[in-house]
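Comments concern the structure below.
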Amino acid sequence: MIITLIDGKTKEIPDSSTAKDALKAIKLSLANDAIAAKVNGELFDLNEKLPGDCQIEAVLKDSPEALEILRHSTAHLMAQAIIHLYKDAQFAYGPCTEEGFYYDIRTDTPISISDFPKIEKEMHKIASLNLPIERKDITVEEARKIFKNQKYKLIHLEELNDEGKSLSCYSQGDFTDLCLGPHMKSTGQIKAFKLMSISSCYFKGDKKNDVLTRIYGTSFFNQADLDNYLKVLELRKESDHKKIGKEMNLFMISDYGPGFPFWLPNGMILRHELEEFYWQLMMDNDYKVIKTPEVLSRELWETSGHWSHYKENMYITKIDGKPFAIKPMNCPGAMLTYKNDMHSYRELPIRYAELGLVHRHEASGALNGLFRVRCFTQDDAHILLTFDQIGSEIRKLLKIFHQVYSMFKLDYHIELSTRPLDKYVGKISTWDKAEEELKQCLIENKIPYKINPGDGAFYGPKLDFKFKDSLNRIWQCGTIQLDMQLPHRFKLEYTDKNGKKKEPIMLHRAIFGSIERFVGIITEHFKGAFPTWLAPEQVRILPVSVDDEKQVKKSKELLKKLQKHYIRAKLDDRNEKLPYRMRDSLSHKVSYTIVVGNNEVENDLITYRLQGKQKTETLKTNDFIKKVLKDINTHQISRSYNDPLLNVVDEKK
């Protein structure tokens, strides 16, 4: 067979060679250092046979996929330790995650966090034995014999329903598990790990099934990286949006409405600024903003397909004896809006934007501040267009996404999810053309991307935007989805240039994802110290002495002057010492904290401290106001207050 190297060179090796054989043929040391291989872009175990002529590259410790492989292997190490300590343990699934791994387990004796030290001790013991981790291909029938005492593995095997299907399993010492792999070469390569937390879950996420224990952990290639990660976790605790939200009066959750957030005064300011920015962004990019009802009939949800696929997550009621549902998604409303009028090809693309409030029933155990709620506002858009317009529209969307995420200082990458292997609608040729169009858009804009094979929606491929925050967490908020199904379900039409009726294509897109979740993310990203344009409180004025009439009078005059320019300012003249009031201002993440003393009164000066800075600065009053206004405008890309003070040298009162 012929293998192609990453640099384009080719090499001939014997048929039936493994990935390790191929790497040896390239360079012996490469095979020794490799953790796994990438064959035609997919991860392969070193002992896995190659499919024939292929492209191959080594996966080393510094490869992007290396941590995923290590953590998957650590999950197996944990499972082996648990079966040593809990002989009755039943194992479900144990995948790796963005920052670690988890395993779903059931034991007669409950496992708690207090058991972590003994489990970790057993894991270290197994690791020290340096047991080889070996792959074996088996049939479903062989697997049934191996896992005859494992209830959840047998259920999984029944679902495969293919006696001739070849499976893979991995063994290390006395432990074997079904797994696609790849894995580390031996347990001795797993050195730096820690069990993190524990929770309850249902088998396969279905509340009708058994309750299992989910144990989370993480691992790194060395102790220093693990220690650094644990330090970051401590920083995350300090940046928790629930903690900051309470301190800054942003939002609250009541037992009278679990999962339904209350927006408090400061939170409403932040939300209003975000929504106003979004509105202007839509106007600048030729969107039509709509608002659709929150309660719609069952017939609509049957037409859209949500009733059969999503009913369990919908809140259902009756009106005039007929079933209705609170909307979990905004798409059907946009379809009806389009259908309200006749449309010509000259109008396309038509872009409907909606800040739509949706409700979805989430399990109580999954609720988490603003990150996981039961009602939230999606910044949806539904774009109706012709197939030939997809490329140009995607290019416009890429610019908008970049514009927004850059403003919030969020580094992102894009993942392209392609056609599912079986559950999809439409012609394969149409899918191929759509996927190629998306790829070319990304390449032309020099945007790095990854491919998620088979992870597209059933109605079309999609682009998911994943960004990293200041605490190194990956979030997915934005998405662009190509829908070749919903317009057909609703019988949407437009008249082409020849007078014939045709069906449009639709793009779903969201930038923030949901206002609630995005606010939670940026609260932690900025640690509450929002950009000045978003900050609920932009300026706080502190007279040095609250008993000094001149200082208090000057402070009040300054407050009015700031408010005249629509700067969000407050005066703190409480009967407290200055250091206390200063600390309070800093703890509330006020953008600019002003101190008014005798020098400021006599010389019309502003002495201020910028959030996050230790040093104070002094400016003339009007110069300070200009600075704040410019700061507000600098952080906005679509609008400007055009305050007249920004265009004059001085202002005399």
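We count residues from 1, following the sequence as given. What you are looking at is a predicted structure, and each value in this text was computed from that prediction instead of being measured.
Scored by the side chain to side chain contact (heavy atoms under 4.5 Å, CB included) test, S591 finds T532, A535 as partners (sequence neighbours excluded). Taking E503 as the reference, nothing meets the salt bridge (charged side-chain N to carboxylate O under 4.0 Å, His left out) condition, with sequence neighbours excluded. Applying the side chain to side chain contact (heavy atoms under 4.5 Å, CB included) criterion to E362, with sequence neighbours excluded, gives L367, R372, R374. For H488, there are no ring pair (Phe, Tyr, Trp, His ring centres under 6.0 Å) partners at least two apart in sequence or on another chain. Every side chain to side chain contact (heavy atoms under 4.5 Å, CB included) that E537 has, sequence neighbours left out, goes to R540, K570, V590. Remark: E98 pairs with K466, I474 by the side chain to side chain contact (heavy atoms under 4.5 Å, CB included) rule, at least two apart or across chains.
Neither side chain, Y338 nor H382, offers a donor N or O lying under 3.5 Å from an acceptor on the other. A donor-acceptor pair shorter than 3.5 Å can be found between the side chains of E276 and H272. Residues E436 and Q440 have side chains that bring a donor and an acceptor to within less than 3.5 angstrom of each other. Side-chain atoms of Y592 and D631 include a donor-acceptor pair closer than 3.5 Å. Side-chain contact of K501 with T495: a donor-acceptor pair under 3.5 Å is present, judged by distance alone. Side-chain polar atoms of K327 and T292 form a donor-acceptor pair below 3.5 angstrom.
Aromatic ring centres of Y494 and Y345 lie farther apart than the 6.0 Å criterion allows. In this structure, W475 has its ring center closer than 6.0 angstrom to the ring center of F371.
In terms of heavy atoms, L281 sits closest to Q403 at CD1-OE1, 3.7 Å. Nearest heavy atoms, M282 versus A353: SD-CB, 3.7 Å. Counting all heavy atoms, side chain and backbone alike, K204 lies closest to N209 at CB-ND2, 4.2 Å.
Sorted by first and then second residue, the pairs that involve residues 348-367 and meet ring pair (Phe, Tyr, Trp, His ring centres under 6.0 Å), not counting sequence neighbours, are Y315-H361. Annotation: salt bridge (Lys or Arg N to Asp or Glu O under 4.0 Å) contacts involving residues 297-322, sequence neighbours excluded, comprise R298-E302. A salt bridge (Lys or Arg N to Asp or Glu O under 4.0 Å) check over residues 381-406, counting only residues at least two apart or in different chains, returns the pairs R351-E393, R395-E437, R395-E444. Pairs passing the salt bridge (Lys or Arg N to Asp or Glu O under 4.0 Å) check and including a residue from residues 208-218, sequence neighbours excluded, read D104-R214, R106-D210, K151-D210.
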Carefully, step by step, assess F465 and H413 under the rule ring-ring contact (aromatic ring centres under 6.0 Å, His included).
CA-CA 6 Å; F465 292 73; H413 72 271; 9.7 Å; no

Report the C-alpha distance between H156 and Y93 in whole Å, list the side-chain angles of each, state the deciding distance to 0.1 Å, and finish with yes or no for ring-ring contact (aromatic ring centres under 6.0 Å, His included).
CA-CA 10 Å; H156 181 54; Y93 302 107; 5.7 Å; yes

Would you please test F277 and W533 for ring-ring contact (aromatic ring centres under 6.0 Å, His included) and show each step?
CA-CA 10 Å; F277 160 73; W533 71 276; 5.7 Å; yes

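Not one N or O on the side chain of R419 forms a donor-acceptor pair closer than 3.5 Å with the backbone of W431. In terms of modelled atom types and a separation under 3.5 Å, the side chain of T97 and the main chain of G100 share a donor-acceptor contact. Between the side chain of W279 and the backbone N or O of L274, no donor-acceptor pair lies under 3.5 Å. The backbone N or O of L355 lies less than 3.5 Å from a partner atom in the side chain of K291, making a donor-acceptor pair.
Residues I383 and I505 are not in side-chain contact: their nearest non-hydrogen atoms beyond the backbone lie 4.5 Å or more apart.
Enclosure of atom CG in L180 is not indicated, since only 12 or fewer non-hydrogen atoms of other residues, nucleotides or ligands lie within 6.0 angstrom. Atom CG of N452 sits in a crowded spot, with more than 12 heavy atoms from other residues, nucleotides or ligands closer than 6.0 Å.
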Return all side-chain donor-acceptor pairs below 3.5 angstrom for residues 508-520, not counting sequence neighbours, or 'none' if the list is empty.
from, atom 1, to, atom 2, distance (Å)
H508, NE2, D483, OD2, 2.8
R509, NH1, D379, O, 2.9
R509, NH2, Y278, OH, 3.4
S514, OG, R517, N, 3.0
E516, OE1, T377, N, 2.8
E516, OE2, R271, NH1, 2.9
R517, NH1, Q476, O, 2.7

Side-chain donor-acceptor pairs under 3.5 Å in residues 253-267, sequence neighbours left out?
from, atom 1, to, atom 2, distance (Å)
S254, OG, Y256, N, 3.0
N266, ND2, M248, O, 2.9

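The one candidate from K237, R473, R236 that meets the salt bridge (charged side-chain N to carboxylate O under 4.0 Å, His left out) condition with E524 is R473. The only option from D464, L438, T479 that meets the side-chain contact (heavy atoms from CB on, under 4.5 Å) definition with S417 turns out to be D464.
With salt bridges taken as basic N to acidic carboxylate O contacts below 4.0 Å, none links K439 and E435.
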